[in-house]
Amino acid sequence: MVESLDETNRFPHVEVLDRTMNALLAELQLDDREVTLVLVDDDSMRRQNHEHRGEDAPTDVLSYPTGEPDDSDIPTVAHLGDIFISVDTAQRQAAEHGHDLLTETLILAAHGLTHLLGYDHQTEDSWDIFRETQQRILALKPAS
């Protein structure tokens with residue numbers, strides 16, 4: 001189950017985001033797991049990025065797993081973790097990529113979920129699972 005918290009009070013698609021992420025979890029056979037999505041502004045994201053990664057700039061998405069994944073499996077805790085998305089950065093990236101804010105936010109949510117599942121993208125090949133998950137969520141997105 002996905003719970004979204006819009007700390008910006010500016011994201012108009014919270015219900016669609018929740019439904020689509022829940023559909024993705026079900027497709028991945030993770031519908032018994034929980035994820036928290038937190039929508040923040042660039043200032044909040046910059047502070048978190050600085051505190052947790054040493055980068056004094058906003059970023060688009062940060063993931064905080066509840067458990068530590070290992071090489072053998074997805075963490076077995078019910079709550080997979082928290083995904084923070086900057087609505088400000090998502091809006092800019094949506095314009096750059098030629099799509100709407102909901103589409104960009106879904107892409108970022110799927111990207112964050114992939115991190116919660118224990119994946120990282122240190123090499124070009126390791127991006128494949130991220131691209132697949134991002135395409136899967138877009139296929140689940142309701143028609144506008």
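Contact detail for M45 and D60: the closest heavy-atom pair is CE-O, 3.6 Å. Taking both residues in full, the closest heavy atoms of A90 and T105 are given as CB-OG1, 4.1 Å, listed atom of the first, atom of the second, then distance. The two residues L113 and L28 have their closest heavy-atom pair at CD2-CD1, 4.0 Å. For the pair M21 and A110, the tightest heavy-atom approach, listed with the atom from each and the gap, is SD-N, 4.4 Å.
In this structure, H115 NE2 and I129 CD1 are separated by 12.0 Å, a value rounded to the nearest 0.5 Å. Here the CG atom belonging to L17 is positioned 6.0 Å from the CG atom belonging to L106, to the nearest 0.5 angstrom. The CD atom of E96 sits 6.0 Å away from the CD atom of Q93 when rounded to the nearest 0.5 Å.
Residue Y64 is not grouped with residue L80 when hydrophobic side chains (ILVMFWY) are merged at heavy-atom distances under 4.5 angstrom, including chains of intermediate members. Residues L25 and V38 do not share a hydrophobic cluster, defined by chaining ILVMFWY side chains whose heavy atoms lie under 4.5 Å apart. Residues L62 and L5 are members of one and the same hydrophobic cluster, defined by side-chain heavy-atom contacts under 4.5 angstrom among Ile, Leu, Val, Met, Phe, Trp and Tyr.
No salt bridge links D41 with R10; every basic N to acidic carboxylate O contact stays at or beyond 4.0 Å.
Counted by atom type alone, T59 and N49 present zero donor-acceptor pairs between their side chains at under 3.5 Å. For the 3.5 Å distance criterion, the side chains of D6 and T8 qualify, holding a donor opposite an acceptor. Under the 3.5 Å distance criterion, with hydrogens and angles disregarded, no donor-acceptor pair is assigned to the side chains of R136 and T133.
Between H111 and W127, the ring-plane angle classifies as tilted under the 30° and 60° cut-offs.
In this structure, S44 contributes its side chain and V40 its backbone to no donor-acceptor pair below 3.5 Å.
Residues passing the salt bridge (charged side-chain N to carboxylate O under 4.0 Å, His left out) test with D56 are R46, sequence neighbours excluded. Scanning for salt bridge (charged side-chain N to carboxylate O under 4.0 Å, His left out) contacts around R47 gives an empty result, with sequence neighbours left out.
Within a 6.0 Å sphere centred on NE2 of H50, heavy atoms belonging to other residues, nucleotides or ligands number 12 at most.
A distance below 6.0 Å separates the ring centres of H13 and F11.
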(message) What verdict does the side-chain contact (heavy atoms from CB on, under 4.5 Å) test give for T36 and I83, after you've listed the backbone C-alpha separation in whole Å, the side-chain angles of each residue and the deciding distance to 0.1 Å?
(response) CA-CA 6 Å; T36 305; I83 301 168; over 6 Å; no
